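What follows is one structure encoded as C-alpha cells, with my remarks underneath.
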Number of protein chains: 2
Amino acid sequence: MADKDNAPMVASLQPSETGDQPPTGFGSPLQELRYLILAVQREGNRWLSEMLRAADLTPAQAEVISILADREPLTLSGLGKLLICETGSPSRLVNSLVQKGFVAQDNHQTDRRAKLFYLTPNGKATLALIHKTEEEIDGFLSALLSDQEIKYTRSSLYKLLGGTAIEQAMLRRFGYIQND
Amino acid sequence: MADKDNAPMVASLQPSETGDQPPTGFGSPLQELRYLILAVQREGNRWLSEMLRAADLTPAQAEVISILADREPLTLSGLGKLLICETGSPSRLVNSLVQKGFVAQDNHQTDRRAKLFYLTPNGKATLALIHKTEEEIDGFLSALLSDQEIKYTRSSLYKLLGGTAIEQAMLRRFGYIQND
DNA sequence: ACAACATCCATGACATGTCATATATTATCA
DNA sequence: TGATAATATATGACATGTCATGGATGTTGT
C-alpha cells in the first residue's frame with residue numbers, strides 16, 4: 001500500500017522529480033479542506049471497491065441495491081433522486097445490475113414511459129455482503145473518529161451542501177424529507 | 001438548479017416513484033457521513049467544472065496546472081505523487097494538457113525513461129483564472145463555515161486519511177513533508 | 001381535442017479514476 | 001558483469017460522472 005518514500009533517494013535526479021522544494025504558495029486552509037474531502041472520498045471508494053469485489057459489485061452498484069432494498073419498486077427517475085450522484089437518469093448503472101441478474105424490471109401500471117425496478121432473489125442475496133461491508137467500513141471510521149467528531153463533521157458538511165440540488169438526495173435518503 | 005419537489009404531485013402513480021414511505025432501516029450516522037463526503041465532493045466538483053469551463057479546463061487539469069506552477073519541472077511520476085488522485089501514471093491527463101498547449105515536455109537529463117513537464121506561457125496564463133476560481137469557491141466555503149468549523153473538519157478528515165497512501169499526497173502538497 | 005410544455009428514458013460523447021499489462025530503462029546485488 | 005528487481009511511462013479496459021440530444025409519453029391550459 002504505502003510507497004517507498006522512506007527509502008533514501010539516490011541522488012541522481014536533478015531536479016528532483018517531485019519538486020521537493022518547499023512549495024512557494026501554500027494552499028489556504030480552505031483549499032486544503034477541499035482536497036481533503038476529495039482525498040477521503042477517493043480513499044473510501046477504494047476501500048469499498050476492494051471489499052465489494054467479492055460480490056462483483058462496484059460501489060455505485062451497491063448503492064443502487066441498497067436503495068432498492070429499502071424502497072423497491074422504483075422507477076429510474078425515482079432512483080435517480082435518491083442516488084447521491086443525481087446523474088440524471090442512471091440507465092447504464094441499473095442496466096449493469098439487470099445484466100448481472102441482481103435487478104429486474106416491470107412495466108409501470110399507469111405510465112408507459114416508466115419502468116419499475118426491483119431486486120431479484122439474487123440481488124437480495126447480495127445485501128448480506130453489502131451490509132457486512134458497510135459495517136466493516138463504519139467500524140474503521142468509528143475507530144478513527146469520536147462520536148462528537150462524527151457529529152460535528154456531519155454538521156459542517158451539511159452546511160457545505162446548503163441550498164444545493166444534491167442536498168435533496170441526502171435529505172430524501174436520510175429521512176429529513178419523507179415525501180416528494 | 002433545484003428540482004420541482006415543491007410542486008404537488010399529481011396522485012396518479014401507485015406506488016410512488018421515489019418510494020416515499022419512510023425508509024425502514026435508516027443509515028447509521030456513519031453511513032450518512034460517508035454519503036455526505038461523497039455529496040460534498042460531487043457538488044464541489046460541479047462548481048469547479050462550471051467555473052473552469054471558460055478556460056476549457058476540467059478540475060483535474062486545473063489541479064495539474066496548479067501543481068506545475070508551484071513545482072515545475074516535474075516528471076509524470078513526480079506529478080502523480082502530488083496529485084490527490086494518485087492515479088498511477090497520469091499520462092492521459094497530462095497529455096490532454098499538452099494537446100491543449102498548456103504544458104510542454106523536455107527530456108530528463110539523466111533518466112531516459114522520464115520526461116519533464118512544465119507550463120507553457122499559455123499554461124501560465126490560465127493560472128489567473130484558476131486562482132480566481134479557487135478564491136471564489138473558497139469565498140463560498142468561508143461564508144458557510146466558521147474558522148473553527150473549518151479547522152475541526154480538517155482535523156477530522158485528516159484522521160480519516162490516517163495511514164493511507166493517499167495521505168502522502170496531501171502531506172506533500174500541503175507542506176508537512178518537504179522532501180521525498 | 002389541440003398545442004405547448006414537462007417528464008421518462010435511452011444513448012452517445014467525453015474525461016477520468018482504477019486496474020492490469022507491456023516495454024524501456026535504471027538500479028541492485030550476487 | 002549478468003541476472004533480477006524496481007521504476008517510468010504508455011496503453012487498453014471498464015465503470016461512471018457529467019452533459020447533450022432525441023424520441024416517447026403525460027400533463028396542462030385553452
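We name chains A, B, ... by the order of the sequence lines, and we start the count at 1 in each one. This one's a predicted model, so the numbers in the text were calculated from it and none came from an experiment.
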Problem - With sequence neighbours excluded, residues passing salt bridge (charged side-chain N to carboxylate O under 4.0 Å, His left out) with B:R113 - result: B:D111
Problem - A:L57 CG - C:dT18 C1' separation (whole Å) - result: 17 Å
Handout entry: Phosphate-side-chain proximity, B:S77 and D:dT9, N/O vs OP1/OP2 below 4.0 Å
Key = yes
Completion exercise
In whole angstroms, the gap separating C1' of C:dC8 from CG of A:L83 amounts to 16 Å
Completion exercise
DNA chain C nearest-nucleotide lookup for A:S49 and B:R113: closer to the 5′ end is A:S49
Problem - Sole residue of B:H108, B:K81, B:K115 in side chain to side chain contact (heavy atoms under 4.5 Å, CB included) with B:T75 - result: B:H108
Fill in the blank from the handout: Rounded to whole Å, the CG-P distance (A:D111 to C:dT7) equals 12 Å
Sub-3.5 Å pairs of nitrogen or oxygen atoms, protein against nucleotides 10-13 of chain D:
{"from": "D:dA10", "atom 1": "OP1", "to": "B:K115", "atom 2": "NZ", "distance (Å)": "2.6"}
{"from": "D:dA10", "atom 1": "OP2", "to": "B:S91", "atom 2": "OG", "distance (Å)": "3.2"}
{"from": "D:dA10", "atom 1": "N7", "to": "B:S89", "atom 2": "OG", "distance (Å)": "3.3"}

Handout entry: Closest listed nucleotide, where the reference is the side chain of A:L93 and the choices are C:dT25, D:dT16, C:dA15
Key = D:dT16
Handout entry: Whole-Å distance separating the CG atom of A:L52 from the P atom of D:dC14
Key = 20 Å
Exercise for the section: Report yes if at least one side-chain N or O of B:T58 is closer than 4.0 Å to OP1 or OP2 of C:dA15; otherwise report no. Expected result: no
Practice task
Answer yes or no: does a side-chain N or O of A:R112 lie under 4.0 Å from OP1 or OP2 of D:dG26?
Solution key: yes
Exercise for the section: Drop me the distance from A:E72's CD to A:I65's CD1, to the nearest 0.5 angstrom. Expected result: 11.0 Å
Exercise for the section: Hey, could you give me the CG/CG distance between B:D147 and A:L30, rounded to the nearest 0.5 Å? Expected result: 8.0 Å
Exercise for the section: Return no unless some side-chain N or O of A:Q41 is found under 4.0 Å from OP1 or OP2 of C:dG17. Expected result: no
Practice task
Output the single nucleotide from C:dT16, D:dT16, D:dA8 whose closest atom is nearest the side chain of B:A114.
Solution key: D:dA8
Practice task
Quickly work out the A:R42 CZ to D:dA15 C1' distance and round it to whole Å.
Solution key: 14 Å
Completion exercise
Rounding to 0.5 Å, atoms OG (A:S142) and CD1 (A:I137) come to a distance of 11.5 Å
Practice task
Rounded to the nearest angstrom, tell me the gap between atom CZ in A:R46 and atom P in C:dT16.
Solution key: 16 Å
Handout entry: Below 4.0 Å: OP1/OP2 of C:dC19 and any side-chain N or O of A:R53
Key = yes
Completion exercise
Interatomic distance, CG@B:L48 vs CD@B:E63, rounded to 0.5 Å, equals 10.0 Å
Fill in the blank from the handout: Here the distance between atom C1' of D:dA15 and atom CG of A:L48, to the nearest Å, is 15 Å
Practice task
Provide, to the nearest angstrom, the distance between the CG atom belonging to A:N45 and the P atom belonging to D:dC14.
Solution key: 19 Å
Exercise for the section: Report yes or no: do A:Y152 and B:L157 belong to one cluster of Ile/Leu/Val/Met/Phe/Trp/Tyr joined by side chain heavy-atom distances under 4.5 Å? Expected result: no
